[in-house]
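Below you'll find the structure, written out as structure tokens, and then a few comments.
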Protein chains: 2
Amino acid sequence: MNYSRQRELILETIRNNVVHPTAEYIHSVLEKTHGSMSIATLYRNLNQLVDNGIIKRIDGLETSSHFDHNTHEHFHFMCEKCKKVYDVSSDVAPDILARAEKELGAEIHGFDIVFRGICNDCK
Amino acid sequence: MNYSRQRELILETIRNNVVHPTAEYIHSVLEKTHGSMSIATLYRNLNQLVDNGIIKRIDGLETSSHFDHNTHEHFHFMCEKCKKVYDVSSDVAPDILARAEKELGAEIHGFDIVFRGICNDCK
DNA sequence: CTATAAAATGATAATTGTTATCAATTATGA
DNA sequence: TCATAATTGATAACAATTATCATTTTATAG
């Protein structure tokens with residue numbers, strides 16, 4: 001990666017924000033402080049920063065929503081190769097809801113855990 | 001909710017699929033077995049089924065990706081009211097990666113936990 | 001049974017978040 | 001300083017999803 005002023009600004013904006021900003025939010029912050037940046041440049045640099053492990057993208061199952069008829073507590077694993085989604089029993093993280101509520105002091109309504117990797121079949 | 005044949009078909013498709021289908025996938029399955037259904041009807045019914053707790057939507061932080069400069073293991077909480085994203089320490093789920101790998105027999109490259117609810121400030 | 005009101009449908013336009021294209025500009029290092 | 005690779009901005013394209021609205025279905029009170 002060569003140096004670029006724009007990338008520096010983007011990284012700085014992410015580092016200076018306690019919240020975990022969206023591309024949209026970063027764009028609006030930069031607009032106010034340093035004038036407008038091309039939206040393409042922004043997305044391009046975010047992807048590069050993620051690819052180089054400098055920042056992390058937080059998200060679940062890629063672009064589109066997946067649906068599950070099993071509404072009981074359990075988690076998911078998506079194979080990066082075949083894109084299949086497997087169930088993971090809630091035993092892998094016992095008491096997780098209570099622990100998180102205690103730490104945050106928040107009222108938790110729900111949560112999802114999504115693991116990503118290579119499934120048994122694809123290995 | 002009144003009865004509707006279309007909704008019945010959608011629910012049946014989700015229940016008969018081991019994978020956790022996307023809207024796109026459900027649409028293509030129904031196309032083959034029962035002829036085409038309007039894409040609007042499909043999305044409308046999926047939302048209704050989720051709202052009534054009959055199925056669950058699996059996803060992370062809503063529509064757009066959020067970015068995080070902290071690349072160490074930790075989780076997230078999003079307040080449904082103010083939309084702020086808070087960090088949650090990885091202590092709430094110790095050994096979760098090893099446990100999940102053991103259960104699945106898979107090679108896990110990463111995972112996200114996203115809690116949703118009302119934060120301390122908004123309560 | 002009807003009549004009627006509420007709910008649901010399908011076609012399609014619109015929206016949103018993101019990526020691709022491509023010509024012009026900038027960074028790097030021999 | 002010149003050549004090459006990387007980066008930019010403007011804009012078109014795309015994919016997933018939602019909104020609009022006229023038509024059709026469903027539920028139900030009389």
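In what follows, every chain begins at residue 1, and chains take the letters A, B, ... in the order their sequences are listed. These numbers come from the heavy atoms of this one structure, side chains and all, not from hydrogens, waters or symmetry mates.
In this structure, Arg57(B) does not pair ionically with Asp112(A), as no charged nitrogen and carboxylate oxygen lie closer than 4.0 Å.
Checked against side-chain contact (heavy atoms from CB on, under 4.5 Å), Lys102(B) has no partners two or more places apart in sequence or in another chain. For Ala98(A), the side-chain contact (heavy atoms from CB on, under 4.5 Å) criterion is met by no residue, not counting sequence neighbours. The side-chain contact (heavy atoms from CB on, under 4.5 Å) check on Arg99(A) picks up Asp95(A), Val92(B), Pro94(B), with sequence neighbours excluded. Remark: Gln6(B) engages no residue in a side chain to side chain donor-acceptor pair (under 3.5 Å) (not counting sequence neighbours). Residues forming a side-chain contact (heavy atoms from CB on, under 4.5 Å) with Ile108(B) (at least two apart in sequence, or on another chain): Phe77(A), Phe115(A), Leu97(B), Ala100(B), Glu101(B), Leu104(B).
Distance NE2 (His34(B)) to C1' (dT9(C)): 17 Å, rounded to an integer number of Å. Between Ile10(B) atom CD1 and dT17(D) atom P there is a gap of 13 Å when expressed in whole angstrom units. Per the geometry, CD belonging to Glu24(A) stands 15 Å off P belonging to dT15(C), to the nearest Å. Rounded to whole angstrom, the span from the OH atom of Tyr25(A) across to the C1' atom of dG17(C) amounts to 19 Å. Taking atom CD of residue Glu8(B) and atom C1' of nucleotide dT9(C), one finds them 16 Å apart after rounding to whole Å.
Axis angle across the helix from dC1(C)-dG30(D) to dA30(C)-dT1(D), with five pairs used at each end and values rounded to 10°: 30°.
Screening residues 31-54 of chain B for ring pair (Phe, Tyr, Trp, His ring centres under 6.0 Å) gives no qualifying pairs among residues at least two apart or on separate chains. The salt bridge (charged side-chain N to carboxylate O under 4.0 Å, His left out) pairs that include a residue from residues 2-12 of chain A are Arg5(A)-Glu8(A), where partners are two or more places apart or lie in different chains.
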For nucleotides 5-12 of chain D, 5' to 3', base contacts (B), sugar-phosphate-only contacts (S) and non-contacts (-) with protein non-hydrogen atoms under 4.0 Å give -SSBBBB-
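Here Tyr43(B) reaches the OP1 or OP2 of dT17(D): one of its side-chain N or O atoms lies under 4.0 Å away.
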